[in-house]
Amino acid sequence: MHPALRSSLFLLALIGGHAAATTHSLGIERKQYGESIAYDMNAAGQVAAVIKEKDGTPHAVFFEKGKLVKLEMPGETESEAKRINDKGEVVGSSKKGDAWRAFIRNREHGVQDLGTLGGPSSYGAALNNAGLAVGFADTPNRDWHAFLYTPGEALKDLGTLGGKVSYASGINNLGQVVGTATTEDGYRHAFLYNDATGMSDLGTLGGRYSSATAINGKGAVVGTSEMKDRRWHAFVHDGAKMIDLGDKIGFGDSFATGINNEGHVVGVVDTLDMRLSFVWRDNKMVLHPSGKSLYLTNAINNAGQVIGASYDRGLNAATMPSNSLPFVDLGGTKILGFNILVVLLALTLAIFRKRLKGLFFESRLHFRP
C-alpha cells in the first residue's frame, strides 16, 4: 500500500472513531457459479440473486440455506432476479432471442411470464407481498412504459409525466409505485404512483433529472437527483419534500438504492477513483469503504440487513448489518474533522487516479438520463 494512502486511511479511521465494517458472504461458491450479486433478501433469509458466467452472462437464482436454484425459462440465454417478497416469490426478467420478458417465480406455479404492453419486451423490477409486480415494458411504438401487474390480469400501463418513457423500480404493500418518467420537456424525474392520484412528479434537488429507486411501507421514497452543479445527490422524499442526503455526505456523487420500514437508507458514493457505501439511520450518516463493506448496495430489509455484493477480484453476494461500526460517522451534521477527510481523500486520489481507474465495472447508468 502506498504510504500516502496508508496514512490517509489511518487518519480517516481516527476521524470516524470506529473500526471499519465487515460483510458476510452468502456462500455462493465462485469456483462453481462465478461472480454473484444479491439483490434482495426477505425475513426468512431467502435471497434473489444473480450469478455471472466467466463471459459476464447473468442468470437469475433463488438462494436459501446454502441451496441455489436457477430460475430459468425455456430457451433463455440470460436472466436476472431483482426482488423477493415474504412469501419467497421472486420477480425478474429472462431473455430469449432478442426479447426480454418479466417473470414471477413461486413454488406453486414455477416461473410465470408476465407478458408485455404490446411490444416485444418487458422487465420485472419489484413486487410486494400481495404478488403485485412492477417494472417496464415496450409499447407497440417501442417506447418504455412503467407497468403494474396484478395476479390474473394483464399488465397495466402507468403512463408517463408527459414524455415518452417511464420505468417503475419499487412497490410497497400499500400498492404505491415509484420509478422514473420523462416530462413533457424530455427530462427524467422521479415519480410516485397510486391508483387514486395517478403518477405524481417528485421533482429534483435543483438539477434537471431525478430517479426514484425504492419505497418503504410508510411511503418514504429514495433515489438520486442531479444538482444545479451537475453533481448527483442521494435523496429521501418524506411525502412532503425531498431531503438531500448527498449534502450530509459532503463529497462525490451519491445514489440511494434502498429503504426499510424504519426509514434506514442505503446507497453508494462514487468519486473519480473510489467507491464507498453509506447508511443513513437514526439521523446519522455512516460511510464505509467498499473494500471493507459492500461495493453494491441493492436493498435493506426490515431486519436491518443491507443486501448487495462485496468486491475482491470479483463480485461476491454478501450482506452487512446496517448498524455496522462506521468507517466515517458524520452524525446528523458534518463533523469539524470532515474537512480534513476531504483534503486527505483529494491527496490520495491524486496519487492513485491512474492506478485505480477502471477497477470498478458495475456502472450506475440506470441513474443517468
Side-chain angles (χ1 to χ4, degrees), residues 19-73 76 78-94 103-107 110-111 124 126-127 214 257-258 260 264 266-268 275-279 286 288-325 327 359-362:
T22 57
T23 60
H24 171 69
S25 172
L26 294 181
I28 300 178
E29 180 58 45
R30 189 185 300 181
K31 289 183 179 179
Q32 182 176 358
Y33 296 111
E35 293 184 84
S36 58
I37 302 169
Y39 280 93
D40 200 13
M41 174 189 287
N42 63 19
Q46 299 169 322
V47 180
V50 168
I51 57 174
K52 289 190 173 185
E53 298 178 358
K54 291 183 179 180
D55 63 0
T57 302
H59 293 285
V61 298
F62 171 88
F63 188 74
E64 180 182 18
K65 298 178 181 179
K67 183 179 179 180
L68 184 147
V69 178
K70 289 187 177 181
L71 309 182
E72 296 179 319
M73 293 180 67
E76 77 165 42
E78 55 187 289
S79 57
E80 295 183 343
K82 289 298 186 181
R83 290 289 181 261
I84 187 168
N85 64 16
D86 288 344
K87 298 177 182 178
E89 296 173 319
V90 176
V91 66
S93 310
S94 175
F103 70 77
I104 288 180
R105 179 265 188 187
N106 58 42
R107 295 183 187 275
V111 179
L127 81 169
T257 54
N260 67 10
H264 303 160
V266 298
V268 295
R275 169 167 287 191
L276 301 95
S277 61
F278 76 78
V279 178
V286 177
H288 304 286
S290 60
K292 292 293 184 180
S293 65
L294 296 179
Y295 177 70
L296 299 176
T297 60
N298 292 321
I300 179 171
N301 63 20
N302 291 329
Q305 296 165 307
V306 186
I307 300 104
S310 58
Y311 186 89
D312 181 11
R313 292 169 293 184
L315 292 167
N316 181 45
T319 62
M320 177 184 75
S322 65
N323 62 352
S324 294
L325 293 177
F327 180 67
L359 175 62
F360 304 128
F361 58 86
E362 283 292 326

> When rounded to the nearest 0.5 angstrom, what is the spacing between CZ in R107 and CZ in F62?
Replying inline: 4.5 Å
> Within a strict 4.5 Å, meaning less than it, do heavy atoms of the N106 and K87 side chains meet?
Replying inline: no
> What are the two closest non-hydrogen atoms of G258 and A214, and how far apart are they?
Replying inline: CA-CB, 4.0 Å
>> Looking at N85, is its backbone amide N or carbonyl O close enough to the side chain of N42 to form a donor-acceptor pair, meaning the two atoms are under 3.5 Å apart?
In response: yes
>> So, taking the atom named CZ in F103 and the one named CD in E89, what distance separates them when rounded to the nearest 0.5 Å?
In response: 12.5 Å
> Of the non-hydrogen atoms in M41 and V47, which two are nearest, and what is the gap between them?
Replying inline: CE-CG2, 3.6 Å
> Nearest heavy-atom pair of A309 and L315: which atoms, and what distance?
Replying inline: CB-CD2, 4.2 Å
> Would you say the side-chain atoms of S277 and S293 include a donor-acceptor pair closer than 3.5 Å?
Replying inline: yes
> Counting N and O atoms only, with roles assigned by atom type, does the side chain of R275 sit under 3.5 Å from a partner on the main chain of V268, one being a donor and the other an acceptor?
Replying inline: no
>> Just verifying a value: how many Å separate L325 CG and H288 NE2, rounded to the nearest 0.5 Å?
In response: 8.5 Å
> Are any of the side-chain heavy atoms of I37 and K52 separated by less than 4.5 Å?
Replying inline: yes
>> For A81 versus A60, what's the shortest heavy-atom pair and its separation?
In response: N-CB, 3.4 Å
>> Looking at S93 and G124, would you say the former's side chain and the latter's main chain have a donor-acceptor pair under 3.5 Å?
In response: yes
> Which distance, rounded to the nearest 0.5 Å, do you find between the CG of L26 and the CG of N316?
Replying inline: 7.5 Å
> With side chains defined as the heavy atoms from C-beta onward, is the minimum distance between L68 and I51 less than 4.5 Å?
Replying inline: yes
> Do you know the tightest heavy-atom contact between S36 and A317?
Replying inline: OG-N, 2.9 Å
> Checking side chain to side chain donor-acceptor pair (under 3.5 Å) against S94, which of E76, H59, R105 comes through?
Replying inline: E76
>> Test your reading of the model: is there a side-chain donor-acceptor pair from D40 to the backbone of I84, 3.5 Å cut-off?
In response: yes
> Between the main-chain N or O of G308 and the side-chain N or O of N298, is there a donor-acceptor pair closer than 3.5 Å?
Replying inline: no
>> Using every non-hydrogen atom in the two residues, find where I307 and A38 come nearest and quote the distance to one decimal.
In response: CG2-CB, 3.5 Å
>> I'd like to know if the side chain of E64 reaches the main chain of Q46, judged simply by a donor and an acceptor atom lying under 3.5 Å from each other, with no hydrogens or angles considered.
In response: no
> V266 versus M320: any side-chain heavy-atom pair under 4.5 Å?
Replying inline: no
> When rounded to the nearest 0.5 angstrom, what is the spacing between OG1 in T319 and CG in N301?
Replying inline: 8.5 Å
